[in-house]
Amino acid sequence: MADIAGRLPYLSQDLARHLGTTSAKKLAKLGLHTVEDLLWYVPFRLQDPGDLTPISGLTPGAQVVLNLEVVDVTTRTTGRPGMTLMKVMATDGSRLIELPYFIRSRRMESFYRSKFRPGVRAFFSGKVREYRGELSLTQPKADFYDEFSDVDALGQEATRIQPVYHASSAISSRAIGKAIQTVLGAADQRDIPDIVPDMVRAQRGMGHLVDALRHAHLVAENADYKRALAELKFTEAFVLQVLLQRRRFIAQRSTTRAWPPSEDGILARFDERLPFALTAGQQRIGEEISHALNGTAPMMRLLQGDVGSGKTIVALRAMLQVVEGGGQAALLAPTEVLAYQHYRTILDLLGELSGSGLLGGEDRVGVALVTGSQKAAERRTSRAEVASGAAGIVVGTHALFSDDVQFANLGFVVVDEQHRFGVEQRDRLRQGPSGPIHVLHMTATPIPRTIALTVFGDLETSTLDELPAGRAAVETYRIPSDNERWVRRMWQRAAEEIAAGGRVYVVCPRIDDDGAAGEDGAEIASDDDEAPRALAAVTKVATQLAEDPALQGIGIGQLHGRMSAEDKDRAMADFASGRTPLLVSTTVIEVGVDVPDATVMIILDADRFGLAQLHQLRGRIGRGSKPGVCFIVDQAREGQGIDRLSEFTATTDGFALAEIDLATRREGDVLGRIQTGGRSGLRVLSAIKDRRIIEDARDAAAHTLAGDPDLSEHRALLWAVMNLADEGEYLERT
Ligand code: ADP
Ligand code: MG
């Protein structure tokens, strides 16, 4: 966005213009391209170099700065190959001190030698340690100066509190600080306008943004830095909340078709047919959704419910409301396996109400399946049913939105396992093929509230917090993989369950034994400091189990992402029917697969999976009335993921596990699944730790938008919001 004279605002300007191309290139490697990027690159801590101290005044542990003249330099090799020890002898005029430097390469050595020559002067700063019985500084930072320098000024500079930036091999923290000083020094308040409205700032005692940035970078005191950081966090959270709420607001000003429920339509007949009573939660959320579908504001709702809470029925009932009004509803699944399964489940649940692809109309519901891997004939038929409107319900993968799929009258889209979609994709979905439509997102990955606010602030949330009654419990046991007796007992148990009509999943982190990567999306934790170990692989485990006497005569199937869609469907069908009641699989079965007879889940190398993923996997059993048992087999040694696994055996509450997961993982990991690759998405804000700030910002954003929905009175804010939206990929890729 340029101003009237066509000039780019200061914040959007390229760093090269202010710092030269060489520095700009180095900063670009840190993802910093514009002045604004750089200004928001806030130091992660402050370093107080300490006071100017004479050699006689050193005390162990103190941070000090010494003003010294180099007297002598010697080097010698060390025990470690390639490592040189350089001893710099220096004096402060009354005493001598020996400063050791460990140098790792020849190139560095000649560099050091050129710097440390007898007679040169420098400020040395570092922490006082005992070195060979003497107090000294190890590897101190040195700021050289010469006889023309203003020593007092340099001394002040050397003892000033320093911001510490995340640096790279290309550019040091100090050079980043210098670059920031340059762009901050050239800026005034018009260049860095306040984004947060005066009122909102006044209420919170916040100063100007330009001052917060100055305090964050040109730090004089820790307290100033802390306050500045809090203000920057609020500012970032505020812009984000305004963006999300504005999307919702704009969406709600657009209109779509309303789908009124009917008294005695297909939905009523469907409810009569249901073999069980809806849970209170299903009923309540069903009414909320029904109400929303009956309005002209496009629905933007997130339905969260733990695995097995019965989201599919809720979605299907909502779809039927649209279908009986003569519209079409689509169910978007993340994988072909799931799309196919939903298709069959929906046909089953509808029973005689399904028109099996015949004319839709009043009495029956046509259901079509659309995936990318369908054969030409199948493809033609299903696409024709979608285009004619004969299919009221269309189940599919992303292929639903390819050009060869034309809907007759699409009014509603349900997105299963929503966590794989970002903000922009949600916007696109809502736009529909011909005007805005209602959208319901469903997720079984419980999303802690701050994350939900940060990432899904544009959606209304409904939570299914109870499981259907009569759901048998799932017990979880940990089996150390080297305990042969327990392992043997586990396979016997699997055989017993199968003999009693049950089904057994065996999940492995890998497909092949060749050490190649695991399934796409499998969260296999990496341990750099651990020797690589052979992880259970589908093909190998299946072969081994076939030879296991305990499993004699039991059909064993395989399922993984490298199989064709057809083979995958067949494997699932054979498993469900009992032809192969033991299925060795990767995490492709992680989300949503529903085989009610499945009673045993065996997860091999369980320490390699995240808690959320383990929970999803365990959610595949205990779905019918039969109790389930989950075995997690692992080689985790003490302290390595064992705590996590014990938590997992102790609770089946997905929300509790999500909180634990959050507490034990780094921010990037948590947001990684829902965030962009480029920049981390958030600059100074932590979606995990800054909950209070995020909630405060949300209220402030709502207030601001209520008074000025178009932000016409808040140009700087509008600019910041558009800028964030332009970056576009925010929270986008997975
Ligand atoms: P999820 O929320 O994990 O998608 P599903 O919708 O697949 O769960 O439901 C899990 C199982 O529970 C299915 O077999 C479904 O038929 C069954 N179910 C759903 N609602 C109820 C209910 N109210 N009472 C009993 N069983 C139910
Ligand atoms: Mg589901």
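Indexing begins at 1, ligand by ligand and atom by atom, following the structure's order.
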Participant: Go through the steps for Glu336 and Asp569 under the test side-chain contact (heavy atoms from CB on, under 4.5 Å), then give the verdict.
Facilitator: CA-CA 8 Å; Glu336 300 220 341; Asp569 290 345; 5.6 Å; no
Participant: Give a yes or no on this: more than 12 heavy atoms of other residues, nucleotides or ligands lie within 6.0 Å of atom CZ of Arg344.
Facilitator: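 No, the 6.0 Å shell around CZ holds no more than 12 heavy atoms from other groups.
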Participant: Do the rings of Phe575 and Tyr505 sit parallel, tilted or perpendicular, given the 30° and 60° boundaries?
Facilitator: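 If you compare the ring of Phe575 with that of Tyr505, the planes turn out tilted.
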Participant: Run the numbers for me: atoms of ligand 1, each under 4.0 Å from some heavy atom of Pro468, listed by number.
Facilitator: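 That gives atoms 20 (N), 21 (C), 22 (C), 24 (N), 25 (C), 26 (N), 27 (C) of ligand 1.
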Participant: Does Gln558 use its side chain to pair, donor to acceptor, with the backbone of Ala542 at less than 3.5 Å?
Facilitator: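 No; zero donor-acceptor contacts below 3.5 Å.
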Participant: Is Ser309 in contact with ligand 1, taking contact as a heavy-atom separation below 4.0 Å?
Facilitator: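 Yes, that is the case, since the closest heavy atom of the residue is under 4.0 Å from the ligand.
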Participant: Within a distance under 4.0 Å of any heavy atom of Thr279, pick out the atoms of ligand 1 and give their elements.
Facilitator: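 Numbered from 1, ligand 1 contributes 23 (N).
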Participant: Could you tell me whether the side chain of Ser577 and the main chain of Ala573 form a donor-acceptor pair under 3.5 Å?
Facilitator: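 Yes, because the side chain of Ser577 sits within donor-acceptor range (under 3.5 Å) of the backbone of Ala573.
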Participant: Flag Pro596 as yes when one of its N or O atoms lies below 3.5 Å from any N or O atom of ligand 1, and as no otherwise.
Facilitator: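 Checking ligand 1 against Pro596, no N or O pair falls under 3.5 Å apart.
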Participant: Does only the side chain of Gln282 get under 4.0 Å from ligand 1, or the backbone, or both, or neither? Count heavy atoms.
Facilitator: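 The side chain, only.
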Participant: Would you check whether Pro275 reaches within less than 4.0 Å of ligand 1, judged by its heavy atoms?
Facilitator: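 Distance cut 4.0 Å: Pro275 fails for ligand 1.
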Participant: Select one of side chain, backbone, both or neither to describe which atoms of Leu278 lie under 4.0 Å from any atom of ligand 1, heavy atoms only.
Facilitator: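 It is the backbone that gets close, since no side chain atom is under 4.0 Å.
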Participant: What are the atoms of ligand 1, with element, lying closer than 4.0 Å to any heavy atom of Ala277?
Facilitator: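 The list of qualifying atoms is 22 (C), 23 (N), 24 (N).
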Participant: Does a side chain donor of either Asp465 or Thr463 reach within less than 3.5 Å of an acceptor in the other side chain?
Facilitator: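 No, no side-chain donor-acceptor contact under 3.5 Å.
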Participant: Thr652: which residues meet the side chain to side chain contact (heavy atoms under 4.5 Å, CB included) condition with it, sequence neighbours left out?
Facilitator: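 Thr652 satisfies side chain to side chain contact (heavy atoms under 4.5 Å, CB included) with Arg618 once adjacent residues are dropped.
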Participant: Could you list the atoms of ligand 1 found under 4.0 angstrom from a heavy atom of Thr312?
Facilitator: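 The atoms of ligand 1 under 4.0 Å from a heavy atom of Thr312 are 4 (O), 5 (P), 6 (O), 7 (O).
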